[in-house]
Amino acid sequence: MTQVDTLSPMQADGVRKINAWLDTPKHKRPQEFRFFGYAGTGKTTAIATAMNNAGLHVAYIAFTGKAASVMRRNGIDAQTLHSLIYRRIDDDPKTKEPRFERAKRSEVGRYDLIVLDECSMIGEELARDLLSFGVPVLAIGDPAQLPPVKSKEKLGYFTSGKPDVMLTEIHRQAVGNPILQLSITARNGEILKYGNYGDSRVLFSGDIDPDELWEADQVIVGTNATRARLNKRARAHYDMTDPTPMFGDKIICIRNSPKYNIFNGEMFTVIRCDVDSSAWLSMDVVRLEDPAKTIIPDIRVHRTMFVPDGETRTDSTLGDSGRFEYGYAITAHKAQGSQWDNLIVIDESKVFREDKDKWLYTAITRAAKTLTVGKGRI
C-alpha cells in the first residue's frame, strides 16, 4: 500500500484535499472534484493513496475501452463510462443501430464514488449524463491534452473548470526522463530540436527507415490524409495485397459496437476476413493486448470501411456494421488513453493551429519507453 509519507509535498496535499472533500457532508459537498496534473507529476500514485485510505465502494471508469483496459492492466477493475451509465434497449428498426437509455439511478447510485480517468476526453453532454446520477465524481486529467474531437469548447467539460488540485512538480522518479523532457518542451510551445535524447530522438521524417517505421509498436500522425497514406504503405510493406483486410492486418475500432462488445480505440489483429457479398465482409479478430488471444468471431463489416468508393453512407446503410479502419498509423485523437513502449510520432502539429502544442504534447506522452519524433512530410 502506498503511504502518504512517500509522496511529494504537492501530492500529499492533493490527497488531503481529496479526503477533506470526501469527508464533507453530502449536502455541503460539490459533486465534482477535479484532480489534474501534467505527465510525470504522479497523479496515479496520489489517487491510489487516497483510494486505499478511503474505504469506499468505487467505480473506476474511462472514456474509451482502450483506456479502461490500460487501467485493468495496472490492477484497477475499470470499465468504460458508457457501460456504467447506459443500457442497451433495442436496435433502431430503420438503421439497425443499437439504442441506449440511461441506467437506472439505483444501478449507478450504489457506488459511493466514481473515479473518472482521462477526463479531458469528456464533452459536456456526456458529463451531464454522468452527473445526473448524483454520485460524487473524482475527475482525473491533464488539461494540456487535446479536447474531445466534437467539443464546441476548447477544453472538455471537466478540464474547462478550475482544478481543485493541479500537480505541476515532476515526480522525483520521472526527473531526467527524455520523453518527459520532450513533452515539457512541447507543452511550453517550444521547438523540438533535432538530436538524440537518451534512447529517443527527433529527426527529419524522411530519414526514418521503413523497416524501423513499421517495427514500432505504433505510429501516430495528425491528419486523416497522412493516416490513410501511411496505412497503405504499411500494408504494402507487409505484402497485404488485397484492399480488404487479410490475416495479420492491424485494425482499430473507430466507434463503439456493443453488439460485438468492442469499443472505440481498441486495436485488433485480423484472423479471418471473408467476402459475404459485394458490400459485406465477415471477420474474426483478436484484441492486440489480449494474452489469451480470444477470438471475436463473425463480425459483420461493410466493405467501405476499408475500401471507400466515394459514396457517403448513413447509419441506415451501414446498419450493424463493425466500424474499423487500418491501425498501423492512427491519429493522436485516437491514441488518447493509450500508451506504447516504442512509439513514432510524425509531427503534424501545425495543422491544429491554436491546439498545436496540445496535439504534440498528447502525442509524445503516448510513449512509455522510446520515442522517435519525425518532423516534415513523410
Side-chain angles (χ1 to χ4, degrees), residues 39 62-70 118 120-123 141-142 144-156 159 179 182-183 186-187 192 205 208 213-214 216-235 237 245 249-257 262-268 288-289 304-306 308 322-368 371-378:
F63 177 61
T64 66
K66 174 70 175 181
S69 70
V70 170
E118 299 282 358
S120 62
M121 303 173 71
I122 307 300
D142 183 342
Q145 288 196 21
L146 286 166
V149 176
K150 296 181 180 180
S151 176
K152 296 179 181 178
E153 301 83 16
K154 294 301 180 184
L155 295 169
T159 44
I179 295 172
L182 287 168
S183 76
R187 193 185 75 218
L192 300 186
S205 295
I208 302 175
L213 185 69
W214 303 121
D217 294 325
Q218 189 58 55
V219 176
I220 291 178
V221 301
T223 66
N224 283 317
T226 303
R227 174 190 58 78
R229 187 173 67 252
L230 289 190
N231 278 323
K232 187 175 181 179
R233 284 173 53 180
R235 298 193 74 240
H237 176 82
D249 256 322
K250 181 180 180 180
I251 61 175
I252 181 171
C253 178
I254 59 173
R255 182 169 172 179
N256 293 342
S257 294
I262 58 179
F263 299 96
N264 184 24
E266 290 188 310
M267 304 190 79
F268 304 86
L288 276 183
E289 298 178 351
T304 54
M305 288 286 101
F306 299 103
R323 309 298 174 92
F324 297 97
E325 58 193 28
Y326 290 114
Y328 301 96
I330 64 175
T331 64
H333 284 90
K334 282 296 178 189
Q336 283 182 273
S338 301
Q339 202 168 48
W340 294 271
D341 286 346
N342 179 17
L343 179 69
I344 293 179
V345 173
I346 305 302
D347 182 3
E348 297 187 292
S349 55
K350 290 182 180 179
V351 172
F352 296 90
R353 298 180 182 179
E354 65 267 23
D355 282 335
K356 62 183 179 64
D357 300 337
K358 289 180 181 291
W359 184 92
L360 188 55
Y361 173 80
T362 299
I364 288 173
T365 54
R366 302 309 92 198
L371 169 70
T372 295
V373 178
K375 302 177 75 172
R377 181 177 171 84
I378 188 168

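Note that the numbering runs from 1 along the sequence shown for the chain. These numbers come from a predicted model, not from an experiment.
Residues satisfying the ring-ring contact (aromatic ring centres under 6.0 Å, His included) criterion with Phe263, sequence neighbours excluded, are absent altogether. Every residue two or more places apart in sequence or in another chain was checked for a side chain to side chain donor-acceptor pair (under 3.5 Å) with Glu118, and none qualifies.
Applying the salt bridge (charged side-chain N to carboxylate O under 4.0 Å, His left out) test to every pair with at least one member in residues 324-348, sequence neighbours left out, gives these pairs: Arg227-Glu325, Asp341-Lys369.
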- Task: Dump the intermediate steps for side chain to side chain contact (heavy atoms under 4.5 Å, CB included) on Trp214 and Lys250, then the final yes or no.
- Result: CA-CA 11 Å; Trp214 303 121; Lys250 181 180 180 180; over 6 Å; no
- Passes side chain to side chain contact (heavy atoms under 4.5 Å, CB included), Trp359 versus Thr331? Steps please. CA-CA 10 Å; Trp359 184 92; Thr331 64; 5.9 Å; no
- Task: With side chain to side chain contact (heavy atoms under 4.5 Å, CB included) as the test, would you mind laying out the steps for Gln336 and Gln145 before giving the verdict?
- Result: CA-CA 9 Å; Gln336 283 182 273; Gln145 288 196 21; 3.6 Å; yes
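At a threshold of 4.5 Å between non-hydrogen side-chain atoms, the residues Tyr328 and Val219 do not count as touching. No side-chain heavy atom of Met267 sits less than 4.5 Å from a side-chain heavy atom of Ser338.
With Tyr361 as reference, Asp142 is the one residue of Asp355, Asp142, Leu182 to meet the side chain to side chain contact (heavy atoms under 4.5 Å, CB included) rule.
Distance check, rounded to the nearest 0.5 Å: CD1 of Ile220 to CG of Leu360 gives 10.5 Å. To the nearest 0.5 Å, atoms OG1 (Thr226) and CG (Leu230) are separated by 6.5 Å. Interatomic distance, OG1 of Thr362 versus CG of Asp357, reported as 10.5 Å (0.5 Å rounding). For the atom pair CD (Gln218) and CG (Leu288), the distance works out to 8.5 Å, reported to the nearest 0.5 Å.
Ring orientation note: the planes of Phe306 and Phe324 are close to parallel, at an angle under 30° on the 30°/60° scale.
Residue Ala216 comes nearest to Asn342 through the heavy atom pair CA-ND2, 3.6 Å, listed as atom of the first residue, atom of the second, then distance. Residue Ile346 comes nearest to Gly376 through the heavy atom pair CG2-O, 4.3 Å, listed as atom of the first residue, atom of the second, then distance. Listed here is the closest heavy atom pair of Ala329 and Asn231: N-OD1, 2.8 Å. The two residues Thr365 and Ser183 have their closest heavy-atom pair at CG2-CB, 3.7 Å. Minimum heavy-atom separation, Ala332 to Leu146: CB-CD1, 4.3 Å. Nearest heavy-atom pair across Pro147 and Lys358 is CD-CD, 4.4 Å.
Judged by distance alone, the side chain of Asp217 and the main-chain N or O of Leu343 form no donor-acceptor pair under 3.5 Å. A donor-acceptor pair under 3.5 Å links the side-chain atoms of Arg229 to the main chain of Ile378, judged by distance alone.
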